Visitor: 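Dropping the structure in here first, questions after.
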Amino acid sequence: MTENTTSTTLHITCGDLTAAHDGRTAMVQGWVNSARDHGDLIFIDVRDRFGVTQTVFDPSIAPEAAALAKTLRSEDVIRVEGRVRRRPAGTENQKIATGEIELAAMQALVLNRSLTPPFPIHGDGDVDETLRMRYRYLDLRRPHMQRNIALRHRAVKTVRDYLDERGFLEIETPMLIKQTPEGARDFLVPSRLHPGEFYALPQSPQLFKQILMVAGFHRYFQIARCFRDEASRADRQPEFTQIDIEMAFPTQDQVIELVEGMLARVFDEALDVQIATPFPRLTYADAMAKYGVDKPDLRFGLELADYGAAFEGTEFKIFASAIAAGKRIIGFVDPGGAARSRREFDALVESALGLGAKGLAWIAFADDGPRSSLPKSALTPQMLDSLTRIGNAKPGDAVLLVADDLVAAQSVAGQLRLHVGAAKGLRDPKRFEFCWVLDFPLFERDAETGAITSMHHPFTAPAPGLEALDGDPLTVRAQHYDVVLNGSEIGSGSIRIHDPELQRRVFRILGYTDEQVHDRFGFLLDAFAYGAPPHGGIAPGVDRLIQMMVGADSIREVIAFPKNQRFQDLMIEAPAPVPPELLRELSLRVDAPRSDAAPKAKV
RNA sequence: GGCGCUGUAGCUCAGUUGGUUAGAGCGCCUGCCUGUCACGCAGGAGGUCGAGGGUUCGAGCCCCUUCAGCGUCGCCA
């Protein structure tokens with residue numbers, strides 16, 4: 001048929017063929033989206049990435065083509081050539097961009113037949129995810145996945161343009177690097193040439209991007225694949241992508257402004273959504289006090305407050321003893337909450353217990369007088385007055401309170417805030433509220449071992465005022481910044497340490513021996529000895545950002561070939577055993593149950 | 001590793017207190033149909049109720065074990 005195609009035939013995609021081509025001879029190629037056989041008139045909708053074109057087959061005009069059309073089924077791949085014409089008046093389809101015209105088929109060719117797909121391709125109905133993974137090529141053909149992947153492309157393209165315009169160089173860093181004991185579990189790659197030795201896949205290009213600053217590249221970025229062998233989640237995958245950024249001689253504000261501009265442009269160009277800059281900035285302490293988390297969801301208020309003062313001298317024994325024990329009473333105002341029934345409050349209490357609360361106290365300021373989970377005798381007028389003033393509660397509101405150690409109380413109250421906010425429909429996925437969280441502690445104490453560890457990583461520079469390092473390390477602030485969107489951390493960065501002596505001091509505080517430091521980070525300290533510029537950067541995560549932009553429930557919806565919760569690729573069936581010869585070549589012996597003893601999931 | 005939810009036709013699901021031959025919509029197959037667009041109409045095929053065991057006269061339903069998927073906690077510098 002190609003031979004028969006004259007030079008005047010327009011080769012065009014299904015999305016591009018419009019009324020502007022009325023009267024022309026044209027050819028479209030694509031998949032059968034749907035077939036409507038009316039006997040002596042057959043409509044075949046041809047679909048490609050760009051749209052759908054209705055082709056019409058009339059046996060009295062093109063009998064061969066019409067006979068072929070009768071055999072077409074969903075997802076067959078076809079080529080149709082004919083004349084473009086306006087649809088008869090009244091039969092236009094307003095729902096699609098190409099609905100004014102149709103292609104009157106003269107010739108048709110089946111390029112490939114398709115089996116009946118295991119799930120519908122047109123339409124975005126729910127399908128079992130195992131099945132979607134197994135047939136990912138069909139899943140990706142579906143409209144919402146095509147949209148998600150295209151939007152991801154547009155967003156990443158915008159990032160590249162934006163950073164290129166600002167003098168950033170895109171530089172690749174190695175995937176085969178050295179295992180270090182810090183952080184997440186590494187994926188290992190055995191070395192054939194060095195029997196018994198292993199590479200690790202990078203958890204991030206952190207050290208390399210700092211080395212690139214020492215190397216004088218000044219501004220670096222990379223759309224970097226990172227690997228972490230930790231448990232999977234709806235918003236986590238064993239391999240994921242970051243926009244890895246590093247700059248020489250930056251101030252914290254410069255990094256922040258760069259990222260704000262980048263995100264604003266990405267939302268504009270990929271989503272046509274305007275976001276306001278600069279983003280609000282909170283300190284870590286403020287975020288914890290007002291929202292109970294270091295990644296606050298600013299789409300709604302319900303801010304936390306310390307209600308301890310209202311219970312000074314209370315007769316309510318639980319709170320009295322909590323206060324005596326130095327615990328805190330943290331909670332928030334639930335607007336209109338006085339309308340909740342007893343049953344609804346009980347459900348809230350259950351939710352709080354599920355979140356780890358020891359209990360939940362509630363006081364409802366109802367029109368006919370206060371109701372409360374507290375004993376009536378405990379509800380003194382002063383207490384009620386004090387309660388309303390602390391959170392600025394109004395008649396008809398309720399106050400929800402948990403008592404615990406500061407950290408636990410904030411955490412539970414913060415989660416309950418999200419729970420109540422979600423129940424009130426305040427977590428609108430179409431709204432995008434960014435903020436920065438600053439002034440993180442540099443160190444924290446490991447809850448299990450009691451050891452001092454880096455809150456983020458050991459290369460983060462402490463805030464100016466180094467004398468603090470000589471005192472209690474836990475009081476030292478970090479030049480660290482997190483960018484947060486709707487309650488999710490979407491990027492984390494810092495000004496780095498560039499002074500080898502300071503870096504050694506931090507390692508010492510973390511309890512590393514000189515030998516450990518030399519073994520793991522010797523090359524970095526060596527590099528710093530040759531004129532390392534002050535530097536810093538950030539690494540926004542691509543997957544979660546795109547997930548939020550498209551409003552998807554899972555990161556897997558914006559990754560072309562994701563893995564399941566057990567890190568399997570169900571399409572290619574990875575991981576898989578390898579032939580014994582390969583293992584021998586790698587000097588490896590497998591000590592695991594035979595793979596046929598525990599058969600893999602088959603779909 | 002813990003906990004939770006789910007598993008019934010190719011897909012999405014219903015299935016009452018344990019009781020006749022397990023249903024619906026979509027899809028698939030056959031036929032009819034000249035303006036549909038998720039075309040319509042008529043007919044048809046299609047089931048290891050995730051798997052194994054148990055209780056019972058009788059199990060999709062109850063019990064035990066197990067597998068799988070997802071969610072979540074631990075974990076993720």
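Please read these numbers as outputs of a predicted model, since none were measured by experiment. Chain letters run A, B, ... following the sequence lines, proteins first, then strands; residues in each count from 1.
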Visitor: Sticking with atom C1', work out how far B:G60 lies from B:A9, rounded to a whole angstrom.
Guide: 14 Å

Visitor: Could you check if a side-chain atom of A:Q222 sits within less than 4.5 angstrom of a side-chain atom of A:F208, using non-hydrogen atoms only?
Guide: no

Visitor: So A:F240 and A:R544, do their side chains get closer than 4.5 Å, heavy atoms only?
Guide: no

Visitor: Given atom CD of A:E350 and atom P of B:G4, what is their separation to the nearest angstrom?
Guide: 15 Å

Visitor: Name the pairing partner of B:G18, where a pair is Watson-Crick or G-U wobble with both distances under 3.5 Å, or state none.
Guide: none

Visitor: Find which nucleotide of RNA chain B each of A:S554 and A:Q206 is nearest to by heavy atoms, and output the residue with the more 5' nucleotide.
Guide: A:S554

Visitor: Below 3.5 Å between N/O atoms, which protein atoms pair up with nucleotides 8-11 of chain B? Just atom names and distances, please.
Guide:
from	atom 1	to	atom 2	distance (Å)
B:G10	O2'	A:P118	O	2.9
B:C11	O4'	A:P118	O	3.4

Visitor: Do A:R142 and A:R132 have side chains that get closer than 4.5 Å, going by heavy atoms?
Guide: yes

Visitor: Sticking with atom P, work out how far B:A68 lies from B:C29, rounded to a whole angstrom.
Guide: 35 Å

Visitor: Taking 4.0 angstrom as the limit, do A:R36 and A:D45 come out as a salt bridge?
Guide: yes

Visitor: Once you round it to whole Å, what is the distance between P of B:G4 and CG of A:L355?
Guide: 17 Å

Visitor: What's the CZ-P distance between A:R566 and B:C70, to the nearest Å?
Guide: 9 Å

Visitor: Quantified in whole Å, what is the P atom distance between nucleotide B:A24 and nucleotide B:G44?
Guide: 12 Å

Visitor: Which residues pass the salt bridge (charged side-chain N to carboxylate O under 4.0 Å, His left out) test with A:R147, sequence neighbours left out?
Guide: A:D124

Visitor: Look at all strands and tell whether A:A184 reaches a base, only sugar-phosphate, or nothing, counting heavy atoms closer than 4.0 Å.
Guide: sugar-phosphate

Visitor: Roughly how far apart, to the nearest Å, are B:G19 and B:A59 at atom C1'?
Guide: 10 Å

Visitor: I'd like to check the side-chain hydrogen bond (donor to acceptor under 3.5 Å, both in side chains) partners of A:R83; sequence neighbours left out, ordered by chain and number.
Guide: none

Visitor: With a 3.5 Å cut-off and just heavy-atom distances, do the side chain of A:R233 and the base of B:G74 make a donor-acceptor pair?
Guide: yes

Visitor: Which whole-number value in Å describes the distance from A:D186 CG to B:C75 P?
Guide: 18 Å

Visitor: By nearest heavy atom, map A:K563 and A:Q203 onto RNA chain B; which one lands nearer the 5' end?
Guide: A:K563

Visitor: If the P atom of B:U12 is compared with that of B:G50, how far apart are they to the nearest Å?
Guide: 14 Å

Visitor: With a 3.5 Å cut-off and just heavy-atom distances, do the side chain of A:R236 and the base of B:C76 make a donor-acceptor pair?
Guide: yes

Visitor: Between A:Q146 and A:I149, is there a side-chain heavy-atom distance shorter than 4.5 Å?
Guide: no

Visitor: Do any of residues 408-422 of chain A sit with a heavy atom less than 4.0 Å from RNA chain B, and if so which?
Guide: none

Visitor: Rounding to a whole Å, what distance do you find between A:E557:CD and B:G71:P?
Guide: 10 Å

Visitor: Mind checking A:R556 for me? I need base, sugar-phosphate or nothing, with any heavy atom below 4.0 Å counting as a touch.
Guide: sugar-phosphate

Visitor: Say you pick atom P in B:C49 and the same atom in B:C11; how far apart are they, in whole Å?
Guide: 15 Å

Visitor: In whole angstrom, what separates A:Q565's CD from B:G1's P?
Guide: 12 Å

Visitor: Applying side-chain hydrogen bond (donor to acceptor under 3.5 Å, both in side chains), can you list everything that pairs with A:E75, at least two apart in sequence or on another chain?
Guide: A:R47, A:R141

Visitor: Name the pairing partner of B:A45, where a pair is Watson-Crick or G-U wobble with both distances under 3.5 Å, or state none.
Guide: none

Visitor: In terms of the angle between their ring planes, are A:F459 and A:H457 parallel, tilted or perpendicular, with boundaries placed at 30° and 60°?
Guide: tilted

Visitor: Heavy-atom distance under 4.5 Å between the side chains of A:R417 and A:D297, does that happen here?
Guide: yes

Visitor: Taking A:R225 first and then A:E239, would you say they form a salt bridge - that is, a charged N and a carboxylate O separated by under 4.0 Å?
Guide: yes

Visitor: So what's B:C70 paired with, Watson-Crick or G-U wobble, going by both distances under 3.5 Å?
Guide: B:G4

Visitor: Looking at B:C39, which nucleotide sits across from it as a Watson-Crick or G-U wobble partner, both distances under 3.5 angstrom, or is there none?
Guide: none

Visitor: Can you tell me the distance, in whole Å, between the CD atom of A:E230 and the C1' atom of B:C76?
Guide: 5 Å

Visitor: Reading nucleotides 28-38 of chain B from the 5' end, what letters show protein touch, with B for base, S for backbone sugar-phosphate only, - for no heavy atom under 4.0 Å?
Guide: SSS--BBBBBS

Visitor: Mind checking the P distance from B:C13 to B:G54? Whole angstroms is fine.
Guide: 32 Å

Visitor: Is any side-chain N or O of A:Q237 closer than 4.0 Å to OP1 or OP2 of B:C76?
Guide: no

Visitor: Side-chain contact, heavy-atom cut-off 4.5 Å: A:R113 with A:L72?
Guide: yes

Visitor: Does A:P59 reach a base, just sugar-phosphate, or nothing at all? Heavy atoms under 4.0 Å.
Guide: nothing

Visitor: Taking the side chain as C-beta and beyond, is there a heavy-atom pair between A:W436 and A:V259 under 4.5 Å?
Guide: yes

Visitor: If I pick the C1' atom on B:G18 and the same atom on B:U56, what distance separates them, to the nearest angstrom?
Guide: 9 Å

Visitor: Which one is paired to B:U12, where only Watson-Crick or G-U wobble pairs with both distances under 3.5 angstrom count?
Guide: B:A24

Visitor: Using the six-membered ring wherever Trp is involved, compare the ring planes of A:F521 and A:F507 and label them parallel, tilted or perpendicular (cut-offs 30° and 60°).
Guide: parallel

